[in-house]
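Worksheet: the structure to be examined is printed underneath.
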Amino acid sequence: MTKAQGRLKMAGYANLPLGEISQCEVGNVGVLGVPSEVDSGLRSGASLAPDALRKMSKQLGIDLPVHGRDLGNLDLSGDWPEVLMQLVTQMVSCRVMPVVLGGALDVASAVLRALPDLPVVAALPLARRDLVQRPADTILLGLNGGQPADIWDQIIQRKIHWSTARQLDEGRANIFEMPEHAVLWIDISVIDLGHAAGAIGLNPGGMKPETLVSIIGAMSCDWQAIVITGLAPACDTRGVSELASIEVLNAALRHG
């Protein structure tokens with residue numbers, strides 16, 4: 001393991017062997033946990049998500065449709081976003097797909113900064129300014145009506161493809177052309193609070209978990225990196241939010 005990563009006290013995600021990037025082969029995935037925590041708000045627990053997903057994937061006997069290594073958890077001491085960017089860049093250059101398990105939204109920000117020229121497909125309730133300002137094509141899924149006016153203006157001006165959770169749940173979303181290569185960002189807060197309570201953001205009227213899994217699974221795209229954020233497992237005693245995270249990740253890897 002590199003000095004930036006900590007050894008796990010459990011098996012790797014979905015029974016992947018623990019290892020290092022150097023042990024991955026071309027076409028493999030490298031699963032990396034980044035247990036960052038939200039710095040404000042009433043709901044916390046994002047730092048527990050990477051290990052909670054590993055634990056549930058073992059309990060369910062989940063196997064990924066691809067090979068790879070679990071690289072452990074990133075050491076969050078020092079300038080960890082810069083270290084994360086370096087690791088993501090290293091994996092992509094070796095043709096290993098980074099699968100990054102956050103963590104708070106700052107995890108996704110670092111992953112996107114590491115890959116500035118790639119399009120992004122993002123499932124999240126609120127678009128971020130740095131996301132809508134990217135030079136490459138962006139697709140936003142599951143937006144709610146709480147976007148700031150300036151963000152809506154940029155979405156419209158830049159002709160960004162977007163759909164609301166309701167449009168997707170009802171099968172009324174506009175058809176758009178998928179990029180050949182892209183980064184996939186899933187923020188679990190995109191799911192309706194009543195269906196999966198284990199999210200940092202409260203999003204009543206969000207997407208159904210099965211809709212999210214179906215939409216992502218139907219996308220034909222060569223994902224260059226996948227990042228999951230916003231999961232707060234302690235807020236969902238039923239484990240539905242963790243299950244949705246695992247299912248959508250499997251769907252992306254199976255059909256991407």
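Residue numbers count from 1 along this sequence. Because only heavy atoms are used, hydrogens play no part in the values below, and waters and symmetry mates are left out as well, while side chains stay in.
- Counting only residues at least two apart or on different chains, no salt bridge (charged side-chain N to carboxylate O under 4.0 Å, His left out) pair has a member in residues 240-249.
- N15 contributes no side-chain N or O that, together with a main-chain N or O of D63, makes up a donor-acceptor pair within less than 3.5 Å.
- Considering CD1 of I200 and CG of L105, their distance stands at 8.5 Å, rounded to 0.5 Å.
- S36 is listed as a side-chain neighbour of L76, based on a closest heavy-atom distance under 4.5 Å.
- Considering CD of Q154 and NZ of K159, their distance stands at 15.5 Å, rounded to 0.5 Å.
- The shortest non-hydrogen separation linking L253 to V99 is CD2-CG2, 4.5 Å.
- Residues V111 and W185 are not in side-chain contact: their nearest non-hydrogen atoms beyond the backbone lie 4.5 Å or more apart.
- In this structure, the side chains of K55 and K58 stay at 4.5 Å or more apart for every pair of heavy atoms.
- In terms of the side chain to side chain contact (heavy atoms under 4.5 Å, CB included) criterion, residue partners of A123 (sequence neighbours excluded) are, by chain and number, L141, I186, V190, L212.
- In the hydrophobic cluster analysis, where Ile, Leu, Val, Met, Phe, Trp and Tyr join through side-chain heavy atoms closer than 4.5 angstrom, L112 is grouped apart from L126.
- N144 is linked by a side-chain hydrogen bond (donor to acceptor under 3.5 Å, both in side chains) to N203, counting only residues two or more places apart in sequence or in another chain.
- One N or O on the side chain of Q147 and one on the backbone of A127 form a donor-acceptor pair closer than 3.5 Å.
- Judged by distance alone, the side chain of S57 and the main-chain N or O of A14 form a donor-acceptor pair under 3.5 Å.
- Residue L231 comes nearest to S245 through the heavy atom pair CD2-OG, 4.0 Å, listed as atom of the first residue, atom of the second, then distance.
- Residues V34 and L101 form no side-chain contact, since every pair of their non-hydrogen atoms from C-beta on lies 4.5 Å or further apart.
- A single hydrophobic cluster is not seen to contain both V38 and L48; linkage of ILVMFWY side chains at heavy-atom distances under 4.5 Å, directly or through other members, places them apart.
- Partners of D153 under the side-chain hydrogen bond (donor to acceptor under 3.5 Å, both in side chains) rule, at least two apart in sequence or in another chain, do not exist in this structure.
- When the side chain to side chain contact (heavy atoms under 4.5 Å, CB included) test is applied to Q86, the partners found at least two apart in sequence or on another chain are E82.
- Counting only heavy atoms from C-beta outward, the side chains of L74 and V107 never approach each other to under 4.5 Å.
- Contact of the L140 side chain with the L131 side chain is registered, since non-hydrogen atoms from C-beta on lie closer than 4.5 Å.
- V240 is not connected to V213 by any chain of hydrophobic side-chain contacts under 4.5 Å among Ile, Leu, Val, Met, Phe, Trp and Tyr, and they are in different clusters.
- Between the side chain of E37 and the backbone N or O of A46, at least one donor-acceptor pair lies under 3.5 Å.
- Counting heavy atoms from C-beta outward, L32 and L84 have side chains that approach closer than 4.5 Å.
- Using a cutoff of 4.0 Å between basic side-chain nitrogens and carboxylate oxygens, D51 and R54 are scored as salt-bridged.
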Verify side chain to side chain contact (heavy atoms under 4.5 Å, CB included) between E177 and D137, making sure each step is shown before the conclusion.
CA-CA 10 Å; E177 183 177 352; D137 293 337; over 6 Å; no
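- The local environment of CD in E180 is sparse, with at most 12 non-hydrogen atoms from other residues, nucleotides or ligands closer than 6.0 Å.
- Remark: H161 engages I139, F176 in a side chain to side chain contact (heavy atoms under 4.5 Å, CB included) (not counting sequence neighbours).
- Within the 4.5 Å cutoff, side-chain heavy atoms of L143 are placed close to those of I155.
- Across every non-hydrogen atom of R69 and L18, the tightest pair is NH1-O, 3.5 Å.
- In terms of heavy atoms, Y13 sits closest to D70 at N-OD2, 2.6 Å.
- Note that the OG atom of S22 and the CG atom of L71 stand 9.5 Å from one another [nearest 0.5 Å].
- With rounding to the nearest 0.5 Å, the separation of CG in L243 from CG in L60 is 6.0 Å.
- H195 and K208 get closest at one heavy-atom pair: NE2-CG, 3.8 Å.
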Could you check V227 against L184 for side chain to side chain contact (heavy atoms under 4.5 Å, CB included), going step by step and ending with a plain yes or no?
CA-CA 6 Å; V227 55; L184 176 62; over 6 Å; no
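- Linking Ile, Leu, Val, Met, Phe, Trp and Tyr whenever their side-chain heavy atoms come within less than 4.5 Å leaves M85 and M97 in two separate clusters.
- Within the structure, every pair that satisfies the ring pair (Phe, Tyr, Trp, His ring centres under 6.0 Å) test and touches residues 115-159, not counting sequence neighbours, is listed here: W152-W162.
- Sorted by first and then second residue, the salt bridge (charged side-chain N to carboxylate O under 4.0 Å, His left out) pairs involving residues 100-114 (not counting sequence neighbours) form an empty list.
- In the hydrophobic clustering, L202 connects to L193, either directly or through intervening members, whenever side-chain heavy atoms lie under 4.5 Å apart.
- Without hydrogens or angle criteria, R134 side chain to L118 main chain gives a donor-acceptor distance under 3.5 Å.
- Applying the side-chain hydrogen bond (donor to acceptor under 3.5 Å, both in side chains) rule to D150 yields the partners R129; only residues at least two apart in sequence or on another chain are considered.
- Inspection of the H67 and N28 side chains reveals no N or O donor paired with an N or O acceptor under 3.5 Å.
- S214 places no side-chain N or O within 3.5 Å of a backbone atom of E210 that could act as its donor or acceptor partner.
- Put simply, the side chain of R158 gets close to the backbone of V132: a donor and an acceptor are under 3.5 Å apart.
- Residues that satisfy the side-chain hydrogen bond (donor to acceptor under 3.5 Å, both in side chains) test with R172, not counting sequence neighbours, are E170.
- The two residues P98 and V96 come nearest to each other via the heavy atoms CD-O, 3.2 Å.
- Around the CD atom of Q133, the shell of radius 6.0 Å holds more than 12 heavy atoms that belong to other residues, nucleotides or ligands.
- Partners of D130 by side chain to side chain contact (heavy atoms under 4.5 Å, CB included), not counting sequence neighbours, listed by chain and number: S109, R128.
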